[in-house]
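The block underneath contains the structure these notes are about, expressed in structure tokens.
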Amino acid sequence: MVKIIGIRFRNAGKVYYFDPKEYEIHAGNHVIVETARGVEYGTAIGGVREVEDDKVVSPLKEVIRVATAEDDAHVAYIREKEKDALRICREKIQKHGLEMKLIDAEYTFDNNKVLFYFTADGRIDFRELVKDLASVFRMRIELRQVGVRDETKLLGGIGICGRVLCCHSYLSDFAPVSIRMAKDQNLSLNPTKISGVCGRLMCCLKNEEETYEYLNSRLPAQGDTVTTADGRTGTVQYVNVLRERVKVIFEENEEKELEEFDAKDLTFRPRKKKERTGKNKDKEPMRSRVNRSGENRDGKDRDNRRDGKERDGNERESKDHGSKDRDRYGRDASDRRNEKAKGSANVKH
């Protein structure tokens, strides 16, 4: 068994795992750790716990020390410097006429690097901007482009429910959300009602999706044919998923009658419950997160994986290029065109 401690570096940020060594660390304690970005100041999530050896990629980076009062004061000083860095960077962006929106600035704990987060519609050539900022701050400069969901997570806000945004308060990872979830929950498909502050589908649609999938598997769908206990057959007009009530239309003598029943009093062919694919299953949550134990907090691993997928896709395309146009007889597109031309010439003669 290996001892680990979960560390979070931002509010509602991802949790990274480190070796606590012999320190006694409790939930909420501040610690100093070393990551790929340098020495950083984080907050412990939960206490020290043990996991199996095969779920940890060794060696884990170690906790340097538990934060002292001087470390806390240094972090407060850094937060004030970040405000000035934002102001200076905005002035430089305006000076260079770049179409980018600056979101946030972040200093590393050891003052070796300052990161600027921004959004933009496309790719931005900020090489001159980086040179200008480096001459002002005299340290490493990193500009990172983020999406609209990450922008909302960094800035925060209030949702239509009246509460602080989930992504800013507790949601560490963005779960995939689809319009199918809104349909399963019988919600209005009006984009203004099911979209969040970021303009994307609301993350909270994912919260009750599993419950609705289970209930829908026990209920008929709208338009299905059902049979009542007294043998009448009708068509489902409306389904109340949470109450498990069904409204059924009966047609008798060219007249329509609408009645409401409990789903358990009706006979129908139940829908198949959606099976959760391997992508959605979190079979090894500790492995996926421990693997990222501060080894590369700047996202380079993710970029490398994405680049690797693109390279693999290009290789597949190049390998299949000579065979994907062949028919079942082994003829490629040029052979078929030649045969077709010969056939048309024979017809003309």
Side-chain angles (χ1 to χ4, degrees), residues 8-16 37 42-43 45 79 82-83 85-87 89-90 93-94 98-107 114-124 126 129 142-213 276-277 279-280 282 285 288-289 292 296-303 305-307 309-310:
R8 180 173 283 165
F9 299 94
R10 276 183 169 271
N11 184 32
K14 293 183 179 180
V15 179
Y16 300 87
R37 298 198 320 187
T43 305
I45 304 299
R79 296 294 177 263
E82 290 173 352
K83 297 178 182 178
L86 272 175
R87 177 182 55 80
C89 188
R90 286 197 178 101
I93 291 174
Q94 186 175 5
L98 299 177
E99 296 183 358
M100 51 191 291
K101 178 182 177 183
L102 189 63
I103 302 301
D104 194 13
E106 180 184 3
Y107 278 94
V114 57
L115 296 93
F116 294 99
Y117 299 90
F118 71 95
T119 58
D121 292 336
R123 297 179 64 88
I124 301 295
F126 47 71
L129 174 62
E142 183 176 337
L143 290 169
R144 185 176 302 172
Q145 186 172 357
V146 299
V148 291
R149 299 180 79 184
D150 294 299
E151 175 189 0
T152 306
K153 183 180 181 67
L154 289 172
L155 297 178
I158 304 297
I160 59 175
C161 58
R163 299 176 62 89
V164 178
L165 297 177
C166 300
C167 59
H168 185 71
S169 57
Y170 73 90
L171 194 63
S172 58
D173 293 312
F174 290 113
V177 184
S178 65
I179 196 68
R180 171 62 61 184
M181 296 179 182
K183 293 180 180 179
D184 291 343
Q185 298 174 34
N186 290 332
L187 298 176
S188 170
L189 299 184
N190 186 344
T192 59
K193 294 185 178 181
I194 59 176
S195 299
V197 176
C198 60
R200 302 291 190 267
L201 291 174
M202 293 187 295
C203 295
C204 57
L205 292 176
K206 182 70 175 179
N207 295 348
E208 298 178 355
E209 174 62 15
E210 189 173 350
T211 300
Y212 274 90
E213 284 183 2
R276 308 182 73 82
T277 61
K279 293 182 180 180
N280 295 331
D282 194 7
S288 62
R289 295 191 176 188
R292 303 160 78 174
N296 205 337
R297 282 201 60 229
D298 55 6
K300 291 182 179 178
D301 287 344
R302 182 173 61 254
D303 294 339
R305 286 196 299 270
R306 182 165 58 245
D307 294 341
K309 289 181 180 179
E310 293 176 356

Query raised in the report: Roughly how far, to the nearest 0.5 Å, is CD1 of Ile93 from CG of Leu143?
Result: 7.5 Å
Query raised in the report: Parallel, tilted or perpendicular: which describes the rings of Tyr16 and Phe9, with under 30° parallel and over 60° perpendicular?
Result: tilted
Query - Other residues, nucleotides, ligands: >12 heavy atoms within 6.0 Å of Asn190 CG - result: yes
**Report entry** Heavy-atom closest contact (His168 atom, Asn11 atom, distance)
**Finding:** O-ND2, 3.0 Å
Report task. May I ask you to say whether Glu209 pairs ionically with Lys206, meaning some side-chain N is under 4.0 Å from a carboxylate O? Result -> no
Query - Shortest non-hydrogen contact between Ser188 and Lys193, atoms and distance - result: OG-CD, 4.0 Å
Query raised in the report: Can you check whether Leu205's main-chain N or O pairs, donor with acceptor, with Gln185's side chain at less than 3.5 Å?
Result: yes
Query raised in the report: Do the non-hydrogen side-chain atoms of Phe118 and Gln145 ever get within less than 4.5 Å of each other?
Result: yes
Query raised in the report: With a 4.5 Å limit on heavy-atom distance, are the side chains of Lys153 and Phe174 in contact?
Result: yes
Query raised in the report: At what distance, to the nearest 0.5 angstrom, does CZ of Arg10 lie from CG of Asp104?
Result: 5.0 Å
Query - Candidates Thr152, Asp173, Asp150, Leu154 - the one meeting side-chain contact (heavy atoms from CB on, under 4.5 Å) with Cys167 - result: Thr152
Report summary line: Note: Glu151 and Val146 closest approach over all heavy atoms is N-CG2, 4.3 Å
Query raised in the report: Do Arg8 and Ser172 have side chains that get closer than 4.5 Å, going by heavy atoms?
Result: yes
Report summary line: Taken to the nearest 0.5 Å, the spacing of Cys204 SG from Ile160 CD1 works out to 7.0 Å
**Report entry** Atom of Leu165, atom of Gly156 and distance for their closest heavy-atom approach
**Finding:** CD1-C, 3.8 Å
Query raised in the report: If every non-hydrogen atom of Cys203 is compared with every non-hydrogen atom of Val177, which pair is closest and at what distance?
Result: CA-CG2, 4.1 Å
Requested in this report: Considering non-hydrogen atoms only, spot the tightest contact between Cys89 and Leu102 and give its length.
Outcome: CB-CD2, 3.6 Å
Report summary line: So CZ of Arg200 and OG of Ser195: to nearest 0.5 Å the spacing works out to 9.0 Å
Query raised in the report: Does the side chain of Arg180 reach to within under 4.5 Å of the side chain of Asp184, using non-hydrogen atoms?
Result: yes
Report summary line: When rounded to the nearest 0.5 Å, the distance separating CD of Glu213 from CD of Glu208 is 12.5 Å
Query raised in the report: How many angstroms lie between atom SG of Cys198 and atom CG of Leu155, to the nearest 0.5 angstrom?
Result: 11.5 Å
